[in-house]
Amino acid sequence: MAWTAKLGRAIPAGMKKGDHLFLVDGSGYIFRAYHALPPLSRKSDGLPTSAVLGFCNMVWKLMQDARHTDVGIAPTHFAVIFDYSSKTFRNELYPEYKANRSAPPEDLIPQFGLIRQATAAFNVPCIEMEGFEADDIIATYCRLACEAGGDTTIVSSDKDLMQLVGAMVSMYDPMKDRHIGVPQVVEKWGVPPQKMIDLQALTGDSVDNVPGVPGIGPKTAAQLLEQFGNLDGLLARAGEIKQDKRRESIIANADKARISRELVMLKNDVPLKEGLDDLVLHAPDGPKLIGFLKTMEFTTLTRRVAEATGTEIADVQATPVTIERADAAHGPDVGAGAPTIAATPNGAEKPAARPEDAPPQGDTPSLLSALRLEQATARKIDPSAYVAIRDTAALKDWIAEATEAGILAFDTETTSSDPMRADLIGLSMAIAPGRAAYVPLAHTSGNGDLLGGGLLSDQIPVREALALLKPLLEDKSVLKIVQDLKYDLIVMSRHGIEIGPFDDTMLISYVLDAGTSGGHDLIGLSEKWLGHAPASKKELAGSGRNAVGFEQVDIGRATAYAAEQADIALRLWQLLKPRLAAKGLVSVYERLERPLVPVLARMEQRGISVDRQILSRLSGELAQGAARVEEEIYGIVGERINIGSPKQLGDILFGRMGLPGGSKTKTGQWSTTAQLLEDLAAEGHELPRKIVDWRQLTKLKSTYTDALPGFINPGTNRVHTSYALAATTTGRLSSSDPNLQNIPVRTAEGRKIRTAFIAEKGHKLVSADYSQIELRVLAHVAEIPQLKQAFADGADIHAITASEMFNVPVEGMPSEVRRRAKAINFGIIYGISAFGLANQLSIPREEASAYIKRYFERFPGIRDYIEETKAYAREYGFVETIFGRRIHYPEIRSSNPSIRAFNERASINARLQGTAADIIRRAMVHMEEALEKAKLSARMLLQVHDELIFETVEAEVEATILVVRRVMENAPMPAVSMSVPLHVDARAANNWDEAH
DNA sequence: ACAGAAGCTTA
DNA sequence: GTAAGCTTCTGTT
């Protein structure tokens with residue numbers, strides 16, 4: 001519609017004052033969009049198109065509506081600039097320039113050509129020039145526009161372009177909708193734009209392989225430029241720098257800094273073919289543009305463009321496009337000479353005509369997920385639109401609306417990250433994208449006194465608000481959407497509310513993307529999927545010593561922050577939930593993830609009893625022991641060194657005392673690991689033994705006896721660990737605050753810690769653990785007859801392995817032979833390497849290689865399993881457990897052999913470790929109901945990967961063990977029937993040491 | 001006050 | 001050779 005007005009007036013040639021040139025950094029945008037936007041494929045043939053869609057949306061938005069973005073002004077001139085090829089004049093200057101660039105991802109390659117074609121479809125000049133980077137062309141146009149008196153906006157967020165920013169040139173980050181002017185550059189880098197060249201010359205750039213000065217980062221560089229004015233001043237007076245290392249590095253690398261400056265300085269005299277008058281913005285050719293968009297199957301954008309240009313979609317034929325093959329090099333020559341396939345779209349018209357809010361019934365999951373992506377991102381995230389709910393009438397309105405909607409994203413704001421100690425300060429809710437609210441409940445005035453007074457007015461009393469919300473939060477017909485649900489489940493449960501039914505966006509992301517870069521926290525997901533960085537809690541409440549409780553945060557600011565959390569969770573859910581179905585991962589989510597949340601919440605809430613006296617006594621003993629060893633060490637060394645400092649220790653042992661065999665760590669320090677010190681001790685050296693002893697004593701004291709009492713909750717007198725459901729790549733849980741999955745067990749000294757974990761009076765602790773579960777999984781998935789038979793017979797698996805390998809009878813087998821077979825069995829689970837096995841067994845690598853060879857001869861099925869796994873991971877980028885959990889290895893195709901080998905070993909391990917993790921998850925999900933059905937009062941307290949710990953009344957110990965074993969051993973059923981029996985050992989005692 | 005390295009604990 | 005979390009030291013902010 002904006003175009004009809006524009007079409008009426010004559011378009012001036014050239015450029016004059018008041019004109020505004022938009023220069024889109026096309027190449028930069030492609031890479032950024034590819035990584036920032038969720039993957040999207042054309043429905044009809046799976047052609048990857050996410051970067052193309054992002055590009056088209058952005059260009060359309062800028063052409064149509066730039067005034068309402070952070071640019072704030074409409075363009076009169078417009079061009080998209082691309083890199084032509086990787087070789088430029090900079091390579092002659094410095095051959096290493098951009099030498100470490102890897103090939104673009106496979107699914108990005110066809111999109112380079114498509115984006116050039118999109119540019120043409122928009123009637124916008126597409127500019128590139130041999131021997132020059134896009135940045136140089138941009139610099140040249142900036143100069144020309146300035147000379148003509150026009151303003152320029154560079155559409156990019158690349159720091160390499162920031163040197164161009166000034167009075168008439170600004171930048172615009174299209175993904176964050178952020179204008180970048182001089183103040184923004186100064187804020188980000190600490191220097192004004194004209195000093196960016198010198199700053200980059202100092203810091204270098206690992207991506208482009210610009211060397212810079214080692215050890216100088218942006219902060220230091222900015223400070224040095226502030227002090228010395230510019231790079232030449234700095235290099236001339238480098239001797240004045242106080243810090244030794246810094247001074248030496250700058251003096252030694254002055255030449256590198258100078259060449260770096262040449263590399264980063266943009267050339268603004270590129271011999272351009274197109275002048276400014278060629279960049280005048282023309283109205284889009286509706287049918288031409290729509291033809292392209294239809295081909296791409298961008299339904300929403302097609303409709304928008306049709307509306308704005310007054311074109312009838314049905315009248316337009318989809319335009320054939322040229323698609324580059326993934327194995328072809330990218331660049332302007334591709335498409336002409338490279339093999340191409342003409343894409344013929346097949347009737348994608350129907351979805352284009354459908355209104356966005358129509359029910360998506362009958363659609364394929366992948367189409368639905370594409371639709372949801374557009375929905376979730378269509379409405380911009382605007383924290384100023386959120387409302388604070390400050391009276392019961394308003395709250396009731398929201399509750400009614402949420403009940404009607406049947407869907408509610410929800411989040412709590414509290415005083416602590418520990419849900420067992422957290423006090424509720426407020427709640428946030430969202431019922432549609434952009435429609436979110438915050439309910440402040442317990443905010444106080446900033447200067448709250450010791451009495452905790454200063455509760456602000458206009459807040460609904462906590463009890464009253466919760467009484468109103470309880471029916472909604474427990475309403476079976478309203479789905480609650482929460483990010484990291486377990487936390488909120490515990491907080492609300494402590495207020496008598498059992499939230500349900502629910503979905504957890506963190507877990508949905510985990511099921512979809514375990515192993516892909518980045519975690520599954522709300523901030524990361526928002527940036528990844530919505531291209532939006534949410535407000536950070538740090539900015540609201542500070543951090544470190546200056547941190548204040550959320551209760552002291554101003555309600556207006558709290559509303560903008562908290563409601564946004566719910567808004568984002570809702571949008572993420574809309575986006576991610578359909579993807580589960582599209583990828584066949586619904587059952588993993590519904591059977592292995594979601595139901596475990598309330599189970600873990602109850603385990604954490606129960607906690608375990610820890611005896612303070614035992615720990616305190618142990619701590620005293622350890623302190624005495626450590627002090628004694630410490631004096632002995634000082635006696636030998638001759639001075640009171642810091643034994644805890646590996647640096648000092650290395651200098652003494654391998655420097656001053658000249659002990660042999662010291663290897664170096666990657667930072668060049670002497671290595672002082674326990675293994676190395678043990679070896680030295682075995683050669684008769686006295687000191688290394690004592691250091692190992694000292695380390696054990698101080699480790700036990702600081703990590704366990706001294707730290708654990710601090711975790712005893714004063715309200716419950718028990719220790720409540722926190723289990724993370726989405727922290728590991730393989731599907732295992734992790735435990736923290738405190739970590740109860742690494743309580744010592746191997747040494748007698750360490751086991752004493754376990755005696756402090758006790759059962760309540762009249763109760764027992766029951767420990768039940770899977771025997772050899774990962775080897776059993778291996779025998780099942782790799783179908784190894786000998787191993788299956790051994791497990792069926794209940795035989796000693798390591799002895800059988802040794803017997804097969806070395807032709808030794810199991811009867812009277814030397815323990816060393818069994819030990820070696822055991823190490824090989826573990827090695828297989830870890831994705832064996834000769835190097836690792838040699839290390840483990842302290843044997844030469846050739847010998848280890850021979851063992852592995854022999855092992856594979858006797859168990860060819862295992863070699864096949866390993867090769868199949870590697871090939872599968874290489875083809876698909878992920879492996880699966882027997883229950884269908886996916887674990888991604890995006891770097892499995894790395895050209896770096898050690899990275900590739902690491903990913904291969906990890907993927908081999910992940911199928912086994914992940915399957916074992918799935919099995920115990922299933923056991924845990926089924927456990928509570930089984931115990932209840934058997935009318936047993938036993939409660940599950942802890943999980944340690946292959947072990948579950950329960951607390952039960954003494955009279956029910958035997959019956960509990962029967963039920964627990966049955967549930968654990970049958971956990972794979974009925975989803976999977978394993979060809980190898982599972983075996984669980986279980987016993988009961990008064991403390992964890994004796995029960996284990 | 002924070003980040004990374006080194007070391008040690010578990011399955 | 002796989003998967004985690006915590007403490008101490010060290011150097012920088």
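All values reported here derive from a predicted model rather than from experimental measurement. Within every chain, numbering begins at 1; the chains are lettered A, B, ... in the order of the sequence lines, protein sequences first and strands thereafter.
- Among the atoms of the strands shown, only primed sugar atoms or phosphate atoms (P, OP1, OP2) are found under 4.0 Å from some heavy atom of A:A707.
- One atom, NZ of A:K870, and another, C1' of C:dG1, lie 12 Å apart when rounded to the nearest Å.
- The phosphate of C:dT2 (OP1 or OP2) has a side-chain N or O of A:R905 nearer than 4.0 angstrom.
- Across all strands shown, A:A547 has no heavy atoms under 4.0 Å from either base or sugar-phosphate atoms.
- Using modelled atom types, no side-chain atom of A:N909 and backbone atom of A:R905 make a donor-acceptor pair closer than 3.5 Å.
- An OP1 or OP2 oxygen of C:dT8 is reached within less than 4.0 angstrom by no side-chain nitrogen or oxygen of A:T703.
- What separates CG of A:L740 from P of C:dC6 is a distance of 10 Å, to the nearest Å.
- For residues 732-758 of chain A, the ring pair (Phe, Tyr, Trp, His ring centres under 6.0 Å) pairs, not counting sequence neighbours, are A:F757-A:W992.
- If you measure from atom CG of A:N903 to atom P of C:dG1, you get 15 Å, rounded to the nearest angstrom.
- One finds a side-chain N or O of A:S645 lying less than 4.0 angstrom from the OP1 or OP2 phosphate oxygen of C:dT10.
- For C:dG1, the OP1/OP2 oxygens have no side-chain nitrogen or oxygen of A:N909 closer than 4.0 Å.
- If you measure from atom NZ of A:K664 to atom C1' of B:dA6, you get 16 Å, rounded to the nearest angstrom.
- When rounded to the nearest whole Å, the span between CD of A:Q669 and P of B:dA5 equals 13 Å.
- Within a 6.0 Å radius of CZ in A:R854, more than 12 heavy atoms belonging to other residues, nucleotides or ligands are found.
- Remark: A:T667 is in phosphate contact with B:dA6, judged by side-chain N or O atoms under 4.0 Å from OP1 or OP2.
- Residue A:G827 is classed as a base contact, given a heavy-atom separation below 4.0 Å to a base.
- Listed for the A:T721 side chain is a donor-acceptor partner under 3.5 Å among the backbone atoms of A:S736.
- Using a 4.0 Å heavy-atom cutoff across all strands shown, A:D737 reaches sugar-phosphate atoms only and no base atom.
- Put simply, CD on A:Q943 is 13 Å from P on C:dG5, counting in whole angstrom units.
- Sorted by first and then second residue, the salt bridge (charged side-chain N to carboxylate O under 4.0 Å, His left out) pairs involving residues 741-757 of chain A (not counting sequence neighbours) are A:E749-A:K752, A:R751-A:D993.
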Apply side chain to side chain donor-acceptor pair (under 3.5 Å) to A:S722 and A:D737, showing your working. CA-CA 6 Å; A:S722 174; A:D737 309 295; 5.4 Å; no

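- Ring to ring, A:Y876 and A:Y872 are close: their centroids are under 6.0 angstrom apart.
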Give me the distances for all protein-to-nucleotides 7-11 of chain B N/O pairs that come in under 3.5 Å?
from	atom 1	to	atom 2	distance (Å)
B:dG7	OP1	A:T672	N	2.9
B:dG7	OP1	A:T672	OG1	2.8
B:dG7	O3'	A:R695	NH1	3.2
B:dG7	N2	A:K699	NZ	3.3
B:dC8	OP1	A:R695	NH1	3.0
B:dC8	OP2	A:A674	N	3.2
B:dC8	O2	A:K699	NZ	2.9
B:dT9	O2	A:N742	ND2	2.9
B:dT10	OP1	A:V745	N	2.8
B:dT10	OP1	A:R746	N	2.9
B:dT10	OP2	A:R746	NE	3.1
B:dA11	O3'	A:V944	O	3.4
B:dA11	O3'	A:D946	N	3.3
B:dA11	O3'	A:D946	OD1	2.9
B:dA11	O3'	A:D946	OD2	3.2
B:dA11	N3	A:R732	NH1	3.0
B:dA11	N3	A:R732	NH2	3.3

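- With distances taken from any side-chain atom of A:Q648 to the nucleotides C:dA4, C:dT10, C:dG1, the minimum falls on C:dT10.
- At the heavy-atom level, A:I829 lies nowhere under 4.0 Å from the strands shown.
- Heavy-atom contacts from other residues, nucleotides or ligands closer than 6.0 Å to CD of A:E678 number more than 12.
- A:S734 has a side-chain polar atom (N or O) that falls below the 4.0 Å cut-off from OP1 or OP2 of C:dG5.
- Atom-to-atom, CG of A:N642 to P of C:dG11 comes out at 12 Å; the value is rounded to the nearest Å.
- Regarding A:D651, its CG atom lies at a distance of 16 Å from the P atom of C:dC9, rounded to whole Å.
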